[in-house]
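Positions are given from 1 along the sequence.
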Amino acid sequence: MQIIKTQKVNCRDCHRCVRSCPVKAIGINGGQARVIDERCILCGRCVVECPQKAKTVLDEREKIHQAMAAGKKVVISLAPSFAANFDFVDFTDFKKELLQLGFSDVFETAVGADIVAQSYRNMVEKRTRPVISACCPIVVKLICNYYPELVSSLAPVVSPMIAHAKLLREQQGEDIFIVFAGPCIGKIDEAQSISGTVDAVITFERLKEWMLQITPNLIKQSILLEHDKSSARTFPLPGGILQTMGYRDDSQFIAVDGIENVMAVLSSMSNGEIEPAFIEMLACSGGCVGGPVNSNKQCWPIKKGKVNEFIAAREQTGYSNSQMNLSAENFSRTHTAATLDSPMPKESEIRAILQRCGKNALEDQKNCGACGYNSCREKAIAVFQGLAETDMCVPYMRSKAESLANMVVENSPNAIIVVDESMLVQEANPTAYRMFTGNMFEKGDSLLRVFDCTDIVKAIQLEQRIIGKRVEYTEYGLVAEQTVVPLKEHGFVLVVFADVTEQEKRDREWERMKFETMEKATEIINRQMKVAQEIAGLLGETTAETKAALLELTWLLRGKEDI
């Protein structure tokens, strides 16, 4: 089951998770980030660093609720760093609050840390090679995945969480349901990997959310709990493992915290530069109190102080390792190197990918890290492996966008001029210089001496755009459609002129032709009317004479009939 998921709807293509991931276990596809499970060491950096909270951690609270509803005996094991995450005056009252959530009993994981510390001490005494602590699941994954040559140095012993779970099952019965609470995402994976130990993991963040839902004053005051006894409560602090073992941090016994520091020491060990007897390694800066899912976001010294206060208040109940029945076999664990499928490109393939990003020469490789990778070459390898995309290169994409914008502006048939509110020219394209010939201007010149700027000043004052206003500049033989766009937030004004001089000439010629045609048509019509009238006059005289002749003929014919 995937432990860290990305909510795509919230992923904003910022590459911050890539930048923060120490092993580059983030893949980018279509601008969306995804966690590569087989490469991920579950350090939680991406969860903490994501500004949009797109990374979410597997929530196992439902498993816990179901176990409680089923009537199982559900107990909780608190990681030693809990004192830095919860505010309480008396630990007994804190336990009471947890009982009200439905837990049957509450224990400290530090008891398991005692077992682990004793195992480490026995190994150091019989060592044939350096021993690396295996308490931190992130360190274990880091070594197994990325430093396989050092796997044999990992202490073959379970973590305090697993050791405590084994001890609880021995004492409380195999059928109990064990919940581990801590500040570490990696513990979820560790619990799933070692069956029959921890049934569910809850982060301190989610435990605190759950606790805020309860009402403390409803707790029955008759409930009293015995305090867990342990001398290993310093485990979550840098140097705490060494302190529990009775060693001091020196050249033979090293304590290192913070993933970058851990990786640096592991690299030195791989190169044979150092060979200490024992190395305590904690992936989080400041140790476990600096874990990614802590419920306390205060600075490290404050959290460290809370842990030390809790330890000081309970020193009198220190637990003796001699009281525990230790069995090396019971708490042993085998670590196996992982095989990551990371094909490496040929040099020619790397160069081809770099060229696709506009990096044709060595000086083009800025190594700015904006894509999330430490160098352009490292990013090119990630592109080959399918973990990155070409357009993740911010300088290249910016250069490409600027180049495209410049190409559009430079080749635009319209004049484009940018001026400030004092009418001083900030930018102008070649078309602008060609359009206003005879009065050349340069960047920094006043546009007032080139042409009348009344419309531009008006647009600034009214904060309104002027779109497609036709203006004639007779001194340049130019007619243009003028668009003025005030850019108030930048203090500039964009002025665009579309040359419509030829269109204006055609329009005027067309108007002249229409006028002349109408005049000619009117003349022809008038002449036709005159001819028609003359013809009508002639036809009228002829008709009258014909009528008279016919009447006379009719009269004569009638007269003859009468005779």
Side-chain angles (χ1 to χ4, degrees), residues 12-15 51 357-361 363-371 376 391-509 511:
R12 303 299 184 187
D13 193 23
C14 67
H15 306 153
C357 298
K359 304 182 190 306
N360 300 303
E363 55 268 22
D364 296 328
Q365 299 180 34
K366 305 300 182 184
N367 300 325
C368 65
C371 62
C376 298
D391 59 9
M392 286 171 60
C393 180
V394 175
Y396 166 66
M397 294 304 293
R398 183 178 63 188
S399 175
K400 184 178 179 180
E402 290 176 351
S403 177
L404 181 61
N406 289 337
M407 184 171 62
V408 171
V409 172
E410 292 292 315
N411 293 280
S412 174
N414 298 329
I416 301 174
I417 304 173
V418 178
V419 296
D420 61 16
E421 295 182 355
S422 299
M423 296 298 108
L424 297 180
V425 177
Q426 303 301 307
E427 295 289 346
N429 69 343
T431 303
Y433 295 121
R434 290 195 299 269
M435 192 174 288
F436 295 98
T437 56
N439 198 344
M440 295 300 294
F441 56 94
E442 297 179 352
K443 187 174 180 178
D445 288 350
S446 175
L447 199 62
L448 294 169
R449 70 176 184 79
V450 181
F451 52 75
D452 183 7
C453 297
T454 301
D455 288 336
I456 302 175
V457 174
K458 184 178 179 181
I460 294 173
Q461 293 174 343
L462 298 178
E463 297 182 9
Q464 293 180 349
R465 296 182 176 189
I466 298 174
I467 308 296
K469 179 180 179 181
R470 188 159 290 198
V471 182
E472 183 172 1
Y473 299 97
T474 55
E475 66 270 36
Y476 301 114
L478 171 69
V479 179
E481 286 187 348
Q482 176 183 263
T483 296
V484 182
V485 181
L487 305 173
K488 185 178 180 182
E489 63 274 19
H490 301 292
F492 297 135
V493 183
L494 173 67
V495 188
V496 180
F497 297 94
D499 188 352
V500 294
T501 304
E502 292 301 320
Q503 181 182 337
E504 184 70 15
K505 288 180 180 179
R506 289 194 297 271
D507 290 346
R508 290 179 182 179
E509 182 65 18
E511 289 295 327

Without swapping roles, check the side chain of [X] against the backbone of [Y] for a donor-acceptor pair under 3.5 Å.
X    : Y    : result
N429 : E410 : no
E472 : R470 : no
T483 : I467 : no
S446 : L424 : no

Q. Is there side-chain contact between I456 and F451, with at least one heavy-atom pair below 4.5 Å?
A. yes
Q | P395 vs C368 side-chain heavy atoms within contact, under 4.5 Å | A |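 Yes, at least one pair of side-chain atoms sits under 4.5 Å.
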Taking all heavy atoms of [X] and all of [Y], pick out the closest pair and write down the distance.
X    : Y    : value
N367 : C376 : OD1-N, 2.9 Å
I417 : A432 : CG1-CB, 3.8 Å
H15  : C371 : CB-O, 3.7 Å
G477 : T501 : O-CG2, 3.4 Å
Q426 : K443 : O-CE, 3.0 Å
I466 : A459 : CD1-CB, 4.1 Å

Spacing of [atom1] belonging to [X] relative to [atom2] belonging to [Y], to within rounding of 0.5 Å:
X    : Y    : atom1 : atom2 : answer
N360 : Q365 : CG    : CD    : 10.0 Å
I460 : D455 : CD1   : CG    : 11.5 Å
K366 : K359 : NZ    : NZ    : 8.0 Å
E427 : L494 : CD    : CG    : 11.5 Å
R449 : M423 : CZ    : CE    : 15.0 Å
K469 : E481 : NZ    : CD    : 12.5 Å

Q.
Would you say the ring centers of Y476 and F497 fall short of 6.0 Å from each other?
A.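 For Y476 and F497, the ring centres are not under 6.0 Å apart.
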Q: For salt bridge (Lys or Arg N to Asp or Glu O under 4.0 Å), just list the numbers for E509 and R506, CA-CA rounded to whole Å, side-chain angles, deciding distance to a tenth of an Å, and then say yes or no.
A: CA-CA 5 Å; E509 182 65 18; R506 289 194 297 271; over 6 Å; no
Q | Check against side chain to side chain contact (heavy atoms under 4.5 Å, CB included), T431 and I416 | A | CA-CA 7 Å; T431 303; I416 301 174; over 6 Å; no
(Q) Going by side chain to side chain contact (heavy atoms under 4.5 Å, CB included), C453 matches just one of V495, V484, L447. Which one? (A)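 Of the listed residues V495, V484, L447, the side chain to side chain contact (heavy atoms under 4.5 Å, CB included) partner of C453 is L447.
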